[in-house]
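One structure below.
Keep in mind it's a predicted model, so treat the numbers as computed, not measured. Residue numbers run from 1 in the order of the sequence given.
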Amino acid sequence: VATPRDAEIRKDVQTYYGQVLKKSADLQTNACVTAARPVPQHIREALQNVHEEVSLRYYGCGLVIPECLENCWILDLGSGSGRDCYALSQLVGEKGHVTGIDMTEGQVEVANKYIEYHMEKYGFQAPNVTFIHGYIEKLEEAGIKNESYDIVISNCVINLVPDKQQVLQEVYRVLKHGGELYFSDVYASLELPEEIRTHKVLWGECLGGALYWKDLFILAKKIGFCPPRLVTANFITVQNKDLENVIGDCCFVSATFRLFKLPKTGPTKKCQVIYNGGITGHEKELIFDANFTFKKDEAVEVDEETASILKNSRFAQDFLIRPDGEKLPTCGGYTALEVKDVVTDPFELAGRSDSAESRSSPAGGCCSTKKCS
């Protein structure tokens with residue numbers, strides 16, 4: 001049940017994104033416009049085909065376009081002006097479908113305005129994209145059925161909803177078995193104090209509602225997802241002295257995670273896997289997450305959980321999978337990942353990339369002068 005405070009936050013966020021912000025340049029932090037890593041060529045081309053007005057009204061905090069998308073059904077939570085939806089509609093093709101849902105009527109209007117423009121540009125006979133005005137924690141009310149989507153994406157939006165458990169429960173409900181939630185969002189280095197959690201501008205800027213990163217793992221387990229898999233993480237900078245004073249010692253990152261919904265099967269053994277190079281745009285290697293990169297024709301030892309994900313998801317057709325100990329035919333090398341190498345903390349990952357990029361000059365933003373742990 002939504003509390004009066006939840007309703008007030010929702011109204012403030014709708015005002016911020018529907019009236020205050022007119023373009024990405026109006027944002028006062030980089031939380032909602034941070035690119036996490038280089039964009040593959042086929043995705044760059046898809047984004048270039050998106051109408052200019054749709055792109056200008058885009059406020060995401062990462063690129064949330066996963067791999068292996070042909071013919072998939074995808075749901076975009078908080079789709080805004082529809083930029084990611086229109087890019088995805090090209091990538092899934094005419095047999096796939098993309099649905100965007102957003103609570104800000106003005107953003108949905110912008111998205112709907114350009115359906116015909118994009119379908120004509122792509123040469124599609126019938127639209128394969130739909131936009132719905134509704135709430136991401138109330139997908140059932142919006143008419144979204146159980147186990148109807150292969151992939152759910154979200155781009156810097158879940159932090160804007162007070163009841164994050166309800167959002168994740170709804171996502172779990174609408175995903176097919178083997179499906180995944182692939183999403184970028186903002187995370188805090190500690191439990192947020194009341195002063196930050198009740199600050200209207202910080203809510204609109206994606207910081208006031210940020211989840212303490214460890215709580216994501218707790219929620220995922222409670223709902224039934226596999227443990228979250230960290231993909232990318234970047235520190236967030238604040239370009240406003242007044243907001244910096246309110247934030248104090250708290251640090252923020254924008255991070256991308258993958259959460260898989262797997263069928264309830266028996267225990268899986270460690271396996272060796274070989275990627276066959278069959279995924280569009282990732283023919284030479286597939287960077288699955290921060291811990292696993294699969295090079296074409298190279299055997300990789302994976303843990304039980306990773307093996308189960310590869311076996312039971314849309315990636316199954318792109319891998320040869322054998323229990324550990326069985327010899328795999330390979331013309332490439334062999335890689336074994338040690339447990340101590342696995343990174344799950346987005347602040348640790350952001351720190352690694354930050355230090356790699358800025359050995360010659362200090363990093364800016366909220367984490368430039370203090371250590372986050």
Assess the residue pair Asp150 and Leu69 against the criterion (side-chain contact (heavy atoms from CB on, under 4.5 Å)); give the C-alpha distance rounded to whole Å, side-chain angles, the decisive distance to 0.1 Å, and a yes or no.
CA-CA 9 Å; Asp150 302 291; Leu69 300 176; over 6 Å; no
Taking atom types as modelled, find out whether [X] and [Y] have a side-chain donor-acceptor pair closer than 3.5 angstrom.
X: Glu170; Y: Gln166; result: no
X: Arg229; Y: Thr344; result: no
X: Ser184; Y: Thr256; result: yes
X: Thr99; Y: Tyr149; result: yes

Treating [X] as the side-chain partner and [Y] as the backbone partner, does any N or O pair qualify as donor plus acceptor under 3.5 Å?
X: Asp76; Y: Arg83; result: no
X: Glu94; Y: Gln125; result: yes
X: Thr198; Y: Glu194; result: yes
X: Lys214; Y: Asp345; result: no
X: Ser308; Y: Glu304; result: no
X: Tyr86; Y: Ala111; result: yes
X: Arg173; Y: Glu147; result: no

Among Glu70, Glu67, His42, the one residue meeting side chain to side chain donor-acceptor pair (under 3.5 Å) with Thr280:
Glu70
Side chains of [X] and [Y], heavy atoms from C-beta outward: is any pair under 4.5 Å?
X: Phe235; Y: Ser254; value: no
X: Asn128; Y: Val92; value: yes
X: Ser189; Y: Phe252; value: no
X: Val50; Y: Tyr58; value: no
X: Cys68; Y: His282; value: no
X: Ile136; Y: Met103; value: no
X: Leu77; Y: Leu75; value: yes
X: Ile274; Y: Ile321; value: no

Approximate separation, where rounding is to 0.5 Å, of [X] [atom1] and [Y] [atom2]:
X: Asp185; Y: Asn155; atom1: CG; atom2: CG; value: 8.5 Å
X: Cys226; Y: Glu180; atom1: SG; atom2: CD; value: 10.5 Å
X: Ser81; Y: His51; atom1: OG; atom2: NE2; value: 11.5 Å
X: Leu211; Y: Ile158; atom1: CG; atom2: CD1; value: 9.5 Å
X: Ile101; Y: Ser154; atom1: CD1; atom2: OG; value: 11.5 Å
X: Asn112; Y: Glu105; atom1: CG; atom2: CD; value: 10.5 Å

Are Phe347 and Val343 connected, step by step, through hydrophobic side chains (Ile, Leu, Val, Met, Phe, Trp, Tyr) whose heavy atoms are closer than 4.5 Å?
yes
Let me check something: do Phe217 and Tyr212 share a hydrophobic cluster, defined by ILVMFWY side-chain heavy atoms less than 4.5 Å apart, either directly or through other members?
yes
Atom of [X], atom of [Y] and distance for their closest heavy-atom approach:
X: Asn276; Y: Gln317; value: ND2-O, 3.2 Å
X: Ile144; Y: Val174; value: CG2-CG1, 3.6 Å
X: Leu175; Y: Leu181; value: CD1-N, 3.9 Å
X: Ile196; Y: Trp203; value: O-CD1, 4.5 Å
X: Asp102; Y: Gly80; value: OD2-N, 2.8 Å
X: Ala210; Y: Cys206; value: CB-O, 4.1 Å

With a cut-off of under 6.0 Å to the ring centre and 45° to the axis, is Arg258 in cation-pi contact with Phe183?
no
Trace of the side-chain contact (heavy atoms from CB on, under 4.5 Å) decision for Ile65 with Leu88:
CA-CA 7 Å; Ile65 298 184; Leu88 286 162; 3.9 Å; yes
Decide side-chain contact (heavy atoms from CB on, under 4.5 Å) for Gln272 and Leu320; before the verdict, give the C-alpha distance in whole Å, the side-chain angles of both, and the deciding distance to 0.1 Å.
CA-CA 8 Å; Gln272 290 180 33; Leu320 179 62; over 6 Å; no
Surrounding NZ of Lys295 (heavy atoms of other residues, nucleotides or ligands, distance under 6.0 Å), is the total greater than 12?
no
Is there any side chain to side chain donor-acceptor pair (under 3.5 Å) pair reaching into residues 113-124, and which pairs are they, with sequence neighbours excluded?
Glu53-Lys113, Glu53-Tyr114, Gln90-Tyr122
Would Ser79 and Gln107 satisfy side-chain contact (heavy atoms from CB on, under 4.5 Å), going step by step from the backbone distance to the final call?
CA-CA 8 Å; Ser79 51; Gln107 289 282 71; over 6 Å; no
Quick check, are the ring centers of Tyr275 and Phe315 under 6.0 angstrom apart?
no
Can you say whether the rings of Tyr172 and Phe225 are parallel (under 30°), tilted (30 to 60°) or perpendicular (over 60°)?
perpendicular
Would you call the rings of His133 and Tyr135 parallel, tilted or perpendicular, taking 30° and 60° as the class edges?
tilted
